[in-house]
There are 2 protein chains.
Amino acid sequence: MEFSDGKTIFIQIRDWLVDQILTGSLSPGDKVPSVRELAIDLEVNRNTVMRSYALMEQEGILDNKRGIGFFVSDHARERLIQDEKKLFLQEELPKLVHQVKVLKMVPADFKKLFDQLNENQNENK
Amino acid sequence: MEFSDGKTIFIQIRDWLVDQILTGSLSPGDKVPSVRELAIDLEVNRNTVMRSYALMEQEGILDNKRGIGFFVSDHARERLIQDEKKLFLQEELPKLVHQVKVLKMVPADFKKLFDQLNENQNENK
DNA sequence: TTTACTGTCATAGTATATTATGACACTAAC
DNA sequence: GTTAGTGTCATAATATACTATGACAGTAAA
């Protein structure tokens with residue numbers, strides 16, 4: 001995993017794990033890497049990983065069993081889809097609409113997005 | 001103007017001015033507020049505003065006349081539309097497509113976006 | 001009980017963004 | 001030339017994210 005600027009590292013780690021839960025790489029009940037193990041793996045400090053895990057525990061997507069480790073909570077996926085979708089529609093979409101307008105973008109610029117939207121719709125039929 | 005976390009202040013100031021250029025609140029040749037004036041207005045330090053202006057000068061969207069002030073460069077708008085659009089299509093759109101997929105969003109979620117896209121297309125006819 | 005994992009906490013050090021402030025140089029207008 | 005605006009630079013102080021490291025406590029298995 002590579003880190004970019006613009007977002008703090010512990011948030012990027014959180015987002016990276018969230019993505020794994022949403023895509024199914026991590027399933028409810030799965031144990032996530034130990035704080036020390038992941039820190040070594042990502043070449044960051046233990047405390048930084050700890051901060052990511054503490055945040056995710058507070059968000060209700062990780063459960064903590066002291067002395068054993070952190071685990072993906074039972075309803076992590078549903079909760080994430082609900083919360084992240086709400087966040088997207090309320091925070092990101094308005095900015096996106098504005099950007100589309102001032103940059104004078106047209107449907108052709110969004111072909112990939114359309115294809116993906118149609119796939120999602122067909123899957124739910 | 002209010003500052004949010006996640007991005008540094010001097011970048012947020014830059015983005016705020018860029019938006020004013022793109023929407024037409026600021027036009028090529030216009031003088032932007034002096035470093036000291038804007039600092040007081042936004043309740044930040046002179047050096048922070050200076051950093052935003054220096055960045056925008058480097059991006060070629062502000063011209064600097066020592067002793068006089070900073071001015072919106074002649075081709076700021078075209079340059080911004082080109083650069084920001086490229087950045088959007090290469091960096092943001094791929095993330096957006098991925099998010100749309102994992103959050104299982106459908107066309108209805110994007111109604112506002114569609115309306116805006118169609119408006120843009122009609123304006124260019 | 002010992003061992004080897006786990007999380008947790010505290011302390012100190014580093015890097016960076018931001019602030020606070022003063023001093024200096026350029027430009028225009030009086 | 002003086003004045004009042006402009007940008008520019010340097011210094012020191014603060015806040016926060018991150019690092020480095022050690023010590024302690026809970027858990028499970030040998």
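These values consider heavy atoms only, across backbone and side chains, with no hydrogens, waters or symmetry-generated copies. Residue numbers begin at 1 in each chain, while the letters A, B, ... track the order of the sequences.
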Would you say the ring centers of A/Phe114 and B/Phe114 fall short of 6.0 Å from each other?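 Ring-ring flag for A/Phe114/B/Phe114: true, centres closer than 6.0 Å.
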
**Asked** Hey, would you say the A/Phe88 and B/Phe110 ring centroids sit under 6.0 Å apart?
**Response**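 Yes, the ring of A/Phe88 comes within the 6.0 Å limit of the ring of B/Phe110, centre to centre.
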
Identify the residue among A/Lys7, A/Gln20, A/Glu84 that makes a side chain to side chain contact (heavy atoms under 4.5 Å, CB included) with A/Asp15.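 Result for side chain to side chain contact (heavy atoms under 4.5 Å, CB included) with A/Asp15: A/Lys7.
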
Spacing between [X] atom [atom1] and [N] atom [atom2], to the nearest angstrom:
| X | N | atom1 | atom2 | value |
| --- | --- | --- | --- | --- |
| B/Glu57 | D/dG7 | CD | P | 11 Å |
| B/Ile9 | C/dA20 | CD1 | P | 11 Å |
| A/Lys65 | D/dT27 | NZ | P | 12 Å |
| A/Asn45 | C/dG13 | CG | P | 16 Å |
| B/Leu38 | C/dT19 | CG | P | 12 Å |
| B/Asn47 | C/dA17 | CG | P | 13 Å |
| B/Tyr53 | D/dC9 | OH | C1' | 18 Å |
| A/Leu42 | D/dA17 | CG | C1' | 16 Å |

Ring-face cation contact, B/Phe70 with B/Lys31, 6.0 Å cut, 45° max: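 The answer is no; the distance or angle limit is not met.
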
**Request:** Output yes when at least one side-chain N/O atom of B/Thr48 is less than 4.0 Å from OP1 or OP2 of C/dT18, else no.
**Result:**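 Answer no for this pair, as no side-chain N or O of B/Thr48 is under 4.0 Å from OP1 or OP2.
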
Nearest-nucleotide pick for A/Arg66, side chain only, options being D/dG7, D/dA25, D/dT21: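 Taking heavy atoms from C-beta onward, the closest nucleotide is D/dA25.
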
Nearest to the B/Val44 side chain among C/dT19, C/dG7, D/dA20, which nucleotide is it?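 Nearest to the side chain of B/Val44 among the choices is C/dT19.
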
Legend entry - Under 3.5 Å donor-acceptor pair, B/Arg36 side-chain atoms to D/dG5 base atoms: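 Checked by distance alone, the answer is no.
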
How many angstroms lie between atom CD of B/Gln90 and atom NZ of B/Lys85, to the nearest 0.5 angstrom?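 Going from the CD atom of B/Gln90 to the NZ atom of B/Lys85 covers 12.5 Å.
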
Looking across every strand, which nucleic acid part, if any, lies under 4.0 Å from A/Asn64 by heavy atom: base, sugar-phosphate, or nothing?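 Since only primed, P, OP1 and OP2 atoms lie under 4.0 Å of A/Asn64, the category is sugar-phosphate.
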
- Please figure out whether A/Ile68 or A/Thr8 has its closest DNA chain D nucleotide nearer the 5' end.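 Closest to the 5' end, via its nearest nucleotide, is A/Thr8.
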
* If you find the nucleotide of DNA chain C closest to A/Arg46 and the one closest to A/Gly67, which residue's nucleotide is nearer the 5' end? ->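 Its nucleotide being nearer the 5' end, the pick is A/Gly67.
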
